[in-house]
Protein chains: 2
Amino acid sequence: MQFLRVYQCLCDETRLRILNLLLEGPLCVCHLTEILEIPQPKVSRHLKGLRDGGALETERCCNWTICRLPKTPNALLEANLRCLQDLRTEEPQFKADLVKREQTIDRILNHPGEDLPAQIRSLGLCCS
Amino acid sequence: MQFLRVYQCLCDETRLRILNLLLEGPLCVCHLTEILEIPQPKVSRHLKGLRDGGALETERCCNWTICRLPKTPNALLEANLRCLQDLRTEEPQFKADLVKREQTIDRILNHPGEDLPAQIRSLGLCCS
DNA sequence: AACGAATATGCTGTAAATCGAATATTCGGA
DNA sequence: TCCGAATATTCGATTTACAGCATATTCGTT
């Protein structure tokens with residue numbers, strides 16, 4: 001059932017945190033891992049869950065995997081992403097994650113020494 | 001987390017079927033059981049799940065328990081009930097349940113011999 | 001008080017989801 | 001071709017969700 005497929009995606013805290021972050025723009029797996037402060041295999045597994053549920057698109061760029069929300073989410077997912085956008089200020093964890101995201105992006109931009117491809121480096125700035 | 005509480009409610013087919021039916025108006029447990037064609041304990045347990053998740057209100061009337069959607073659902077639930085309302089035509093099970101609901105209500109109305117309090121009998125007609 | 005209808009709960013087994021830890025894979029650079 | 005970084009997958013253990021079945025509870029009636 002189409003409904004269940006979406007809701008099963010949405011009923012895990014880690015997956016919701018990921019969607020919350022991606023509402024701001026794409027991120028690669030390593031930055032997601034850093035922001036969420038959870039083990040990388042766990043992030044990877046939940047990303048797979050989101051992808052299988054149609055709630056995530058990924059694109060391989062060299063060694064990095066760029067994660068973004070689907071360009072054309074189905075109606076149910078789209079409505080819930082809007083809800084997440086509207087209601088996330090009520091959830092401390094979501095707000096904290098967004099702060100951490102800012103910090104991480106700042107660090108990336110201000111430390112050009114880190115060995116990141118320009119495409120990855122600019123993720124935080126480019127929401128396309 | 002408030003989000004999880006709602007989504008955990010929504011990620012079970014039986015619970016979605018119940019919500020779908022209640023969008024048309026209140027029903028008591030025995031009629032829900034008849035319409036869904038599943039064992040009564042199963043219905044009861046899922047109703048409890050919905051109630052715990054804030055997606056259902058029940059009212060005792062004699063021996064009957066009247067189930068209805070909450071008068072003031074939280075924003076996330078409300079949005080998803082709207083989605084259910086809008087998208088249910090795509091889901092055969094939801095449509096079949098609505099047909100069965102009509103049949104059941106007709107049967108109740110046309111067989112006054114059945115021993116039902118007027119309050120229960122009129123549930124299908126009164127959506128308040 | 002005894003009974004029956006409507007509903008709820010307890011119990012047990014099973015399937016599914018999640019996790020941590022270890023390992024495999026992929027890819028660019030030395 | 002070997003190495004390291006980024007990512008994915010496998011494995012075993014644990015938890016959680018759901019099921020069916022039996023039984024308890026509640027309430028009106030006799």
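Chain letters run A, B, ... following the sequence lines, proteins first, then strands; residues in each count from 1.
For the pair Ile38(A) CD1 and dC19(C) P, the interatomic distance rounds to 8 Å; values are reported in whole Å. A straight line from CD of Glu59(A) to P of dA6(D) spans 18 Å, rounded to a whole angstrom. One interatomic measurement links the two molecules: NE2 of His31(B) to P of dA5(C), which rounds to 15 Å at whole-angstrom precision. As a whole-Å value, the separation of Trp64(B) CH2 from dT29(D) P is 9 Å. In this structure, the CD atom of Glu34(A) is 15 Å from the P atom of dA5(D), given to the nearest Å. Atom CG of Leu32(A) is separated from atom C1' of dA8(D) by 15 Å (rounded to the nearest Å). Between the P atom of dA16(C) and the OH atom of Tyr7(A) lies a distance of 22 Å, rounded to the nearest Å. Across the protein-nucleic acid pair, Lys48(A) atom NZ and dA24(C) atom P stand 19 Å apart, rounded to whole Å.
Side-chain polar atoms of Asn74(B) and Glu78(B) form no donor-acceptor pair below 3.5 angstrom. A donor atom on one side chain and an acceptor atom on the other are found under 3.5 Å apart for Asn80(B) and Tyr7(A). Checking Gln85(B) against Arg88(B) by side-chain atom types alone, a donor-acceptor pair falls below 3.5 Å.
Remark: Glu37(B) engages Lys100(B) in a salt bridge, criterion side-chain N to carboxylate O under 4.0 Å.
The structure places CD1 of Ile38(B) at 4.5 Å from OG1 of Thr14(B), a figure rounded to the nearest 0.5 Å. Within the model, atoms CD of Gln93(B) and CZ of Arg17(B) stand 4.0 Å from one another, a figure rounded to the nearest 0.5 Å.
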Checklist entry - Could you write nucleotides 10-17 of chain D as a row of B, S and -, 5' to 3', where a protein heavy atom under 4.0 Å of any base atom gives B, of only sugar-phosphate atoms gives S, and otherwise -? => result --------

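An OP1 or OP2 oxygen of dC19(C) is reached within less than 4.0 angstrom by a side-chain nitrogen or oxygen of His46(A).
Of the two residues contacting DNA chain C, namely Lys42(A) and Asn63(A), the nearest-nucleotide position lying further toward the 5' end is that of Lys42(A).
Of all nucleotides listed (dG28(C), dG20(C), dT7(D)), dG20(C) comes nearest to the side chain of Pro39(A).
Taking each heavy atom of Ile66(A) and Pro26(A) in turn, the nearest pair found is CG2-CB, 3.9 Å.
Under 3.5 Å, the side chain of Gln40(B) and the base of dA8(C) form at least one donor-acceptor pair of N or O atoms.
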